[in-house]
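A quick write-up on the structure given underneath.
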There are 2 protein chains.
Amino acid sequence: MAGVAGVSTATAGRVLGGYGKVSETSRRKVEEAAQRLGYRANGLARSLIQGSTETIGVIVTDVGNSFFASAVRAIADEVRAAGYEMLLANTDADPQTEQRALRMMWEKRVDGVIIAPQGSGSVGHLRPLVDDGLPIVLLDRPLATLPEVDQVIINNTSCARSAVNHLIELGHRHIAVISEAAHDFPRLRSVTLAGGDAERPSAARLVGYLAALRRAGIDADEDLVVHSPYNRAAAERAVLGLLRRRPEVTAIFCTDNVLTSGAVAAIQRSGRRCPDDLSVIGFDDQDWTTLVRPQLTVVRQPRYELGSAAAHRLLQRIEERRSAPNNRSRAENTASGDAPKIQEAQRLVLRGRLIKRASTGPIPPG
Amino acid sequence: MAGVAGVSTATAGRVLGGYGKVSETSRRKVEEAAQRLGYRANGLARSLIQGSTETIGVIVTDVGNSFFASAVRAIADEVRAAGYEMLLANTDADPQTEQRALRMMWEKRVDGVIIAPQGSGSVGHLRPLVDDGLPIVLLDRPLATLPEVDQVIINNTSCARSAVNHLIELGHRHIAVISEAAHDFPRLRSVTLAGGDAERPSAARLVGYLAALRRAGIDADEDLVVHSPYNRAAAERAVLGLLRRRPEVTAIFCTDNVLTSGAVAAIQRSGRRCPDDLSVIGFDDQDWTTLVRPQLTVVRQPRYELGSAAAHRLLQRIEERRSAPNNRSRAENTASGDAPKIQEAQRLVLRGRLIKRASTGPIPPG
DNA sequence: CTGAAAGCGCTAACAC
DNA sequence: GTGTTAGCGCTTTCAG
C-alpha cells in the first residue's frame, strides 16, 4: 500500500488514520492508491494499539420481548450517533450465558457495557470488569451489592402502587396480581413492612402492590399473588386457574407485557366481562392495548428513553475515562497513592405512569 | 504474566489459548498465575493474527419492529450456540447509514454479515465486501443484481396471493391494499403481467395482490392501492381516508404488521363493523391478533425461523471458507489461474401461510 | 513534513 | 514439551 503510493508506511498511516500532518501532495498520492487497491483499514490493529474499540456491549435477557426491543433500538440510535458499534447478546436470564457473554465482550475489548442483569448472580460476573475500571451501566435492574455502578431504572414500585391504588379507589378489595416474582412473596412482604425496595422489576412491582394494599388496610392474601414465568401461555393458564379457584376476585394487576397478554386471553376465555365482572391493569403500553375492547388501562413505562439514557450515560463515562484514564484498574489504583477519585455512581430513575382507560371500573354490585 | 508463572510466553500462550501441547505442571502454573493476576486474553491481538474475529455483523432497518426483533433474537441464539458474537446496527432504511455500518463492520473484521438491505442502493455498498469474499446472507429481501449472494426470504408474493384469493372467494370485488410500495403500482402492474417478482417484500406482496385480482378477472384500481409508510398513525390516517373516499370497499389487505395495527385502529374509528361491513387481513401473526375482536385473519410468516436459517447459512459459509480460503479476494482470484470455484449462491425460501380467523367473512348483501 | 524503528499482545514456525 | 523468534497491521516516538 505505502509502496504503491510511493511513501513510507508512516505517512500512509497518517493520511488513512487522519492524524499528524501531511502535505497535500502525499495525501493525494495515498488516497489515490488506497482507492485503487480497495484498501480498508484494519480496525483490529488500530484498536489494539489505541486501546479502544469504539464498540460497546449490550446484554439483555430477550431482544424478542418488545420492551427490550425498544430499549435496544434506542441504544442503537444513540450509539450510532456517537460513531460507535454495539455487540448484542441475549441471556434468557441464564447466569452462565450471561457470564460467558460478559467475558467474551470483555476479551474483545469493548469500551463499555450496558446490561440488564439476570439477578444477584450477576454481581460476581460483573465484579472483575468493574474492578478493571470498565464503564458499565445497569439497565432496568439495580444491583444493591454493586453500588459503584451507574444504573438507569424505572420507578417500578410506585408505578405499581398507583395502579393498585386506582383499583382500590374503584372499590376493589379482592385484587390479584400476576407476577414472575410471586415465590418471593414472604420475603417481599417484610421488605414492604420495612419500607424497602426490591431489585428485580418484577419484585419491585410486587412490593408496590403490597404497599398499596397495606396502606388501604387490606390484608395481602398469598393465594391472590399468582406466579407465572414470562410466557404468554403459562400466564393464561395461571390466570384461568386463579379465576376458577377464587371467583371472588374482581381485579387483576399484571406486572409485565407478556403476562398482560396472557391475562387478557384468559379473561376472554373465562367468559368474565371486563370491566363489569373484572377489572384489569396491564403493564407496558403496547400498541395493541388500544385495539382490544375494552381498551386496556396500563402502566406506561418509557422504554425507549430508558435505552437512550443508558447509552448516553455510558458514552459519557467512556469519554470521561478517555480524557483521564486514572482509574485504570484496581491494581494500579491501590499502588498509586493518589486520591482514588472514584466517580460517584449515578442512579437515574425514569418515571412510568398509569394510563386510565376502559378495562378498569367500579366494583360490581353483589 | 509468563514471568510470574515461570514459563515462556509461548507456553503461557499455549495454555491460555488452548493450542499445542503443554505438560500438566506448567499448565497448572500458568492457570494459577492467570487467576491471580486476573488475566484476560486480548481478543484483538488474537483476531489480528488468526484472521477471524468470531463475530458477525447484523444489519436491519429497525430492531424495534417485532418482525426484526424476532429475527434478531433467532440470530442471537444461533450465533451464541456457535460461540460467536453479533454486532448489530439499525439503518432506518437510510442508504448512508447502511453504508457506514457495513464499512465499520468490515473494518472491524467481522467474519460475515447478515443484512436486510434497504433497497437497490445496497448493492453498491455490498459489492466490495462480496468481491473480497466475505460471507454474506441477505435477510428477507433479495437483490437481483447480486445473484452470487445467499438469501433467506419468504414467499411473499404467493402469501399475498392466497390472502387476496381468500377475499375473492368470499365474494369481495372492491378489495383495497395498504402498502408501503403503493407508488410502485404502475411498474409492478407490468411485472405482474410478465409473471415476474419484485425485490422488496412490500412490492412482492403488492404483486401478489395484483396477481390474484388479475386471475379473478378483476381490474386493479389504482385508487384502492393506498400508500402508507411503516408508521401506525400514518397507516390509520391512510385507511380512514380510503374508507371515506371509497365507501364501496368491502375488504382490506394489510401488507405489514404496523400497517395492520393502523388499519385496525382506523376501522374501529370509522364505525364500520368487521367482518359484517368490512373484511380485513393482517400481515404477521402477532400475539394481539387473537386478542382483538373479531380475531384477525392474518398471513403468518416464520420470523424466528427466518433469522435462524440466515444465521445457520452464514455460519456454514464461514466454516467453509475457513477450511478452504481459496476465494480470498478478487485480486488473488484473478491472479491465480485456478478454477474460480465460486460457490453457487443459495436461495432459501421459507413459506408463510394464511391463518383464517374471524375478521374475514362473506361480502355484505347490498 | 516525512521516514525508520519500536511495539501493542498474541500465535506460528522452528529449533532445542 | 518448551523456548526463541518473527511477524499480524497499525500508531507512535524520535530523528532527520
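Numbered from 1 within each chain, the chains take letters A, B, ... in sequence-line order.
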Quiz item: Can we say B:Arg347 and B:Asp150 salt-bridge, meaning some charged N sits less than 4.0 Å from an Asp/Glu carboxylate O?
Solution: no
Can you see whether [X] engages [Y] through a side-chain donor-acceptor pair at a distance of less than 3.5 angstrom?
X	Y	result
A:Gln118	A:Thr61	no
B:Arg322	B:Ser52	yes
B:Arg80	A:Asn90	no

Quiz item: What do you reckon, is CD of A:Glu32 surrounded by more than 12 foreign heavy atoms closer than 6.0 Å?
Solution: no
Quiz item: Nearest to the side chain of A:Ser8 - D:dG3, D:dG1, C:dA4?
Solution: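 Closest nucleotide to the A:Ser8 side chain: C:dA4.
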Quiz item: Would you call B:Leu126 and B:Ile115 a side-chain contact if the rule is heavy atoms closer than 4.5 Å?
Solution: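 Yes, their side chains come closer than 4.5 Å.
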Exercise. May I ask you to say what B:Ser26 touches in the nucleic acid, namely base, sugar-phosphate or nothing, with a heavy-atom cut-off under 4.0 Å?
Key: sugar-phosphate
Self-check item: Heavy-atom protein contacts under 4.0 Å, nucleotides 6-16 of chain C, coded B base, S sugar-phosphate only, - none
Solution: -BBBBBBB---
Quiz item: Does D:dC10 have OP1 or OP2 sitting under 4.0 Å from an N or O in the side chain of A:Ser47?
Solution: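 No, A:Ser47 has no side-chain N/O under 4.0 Å of OP1/OP2 on D:dC10.
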Quiz item: Counting just side-chain N and O atoms, does B:Thr11 come under 4.0 Å of either OP1 or OP2 of D:dG3?
Solution: yes
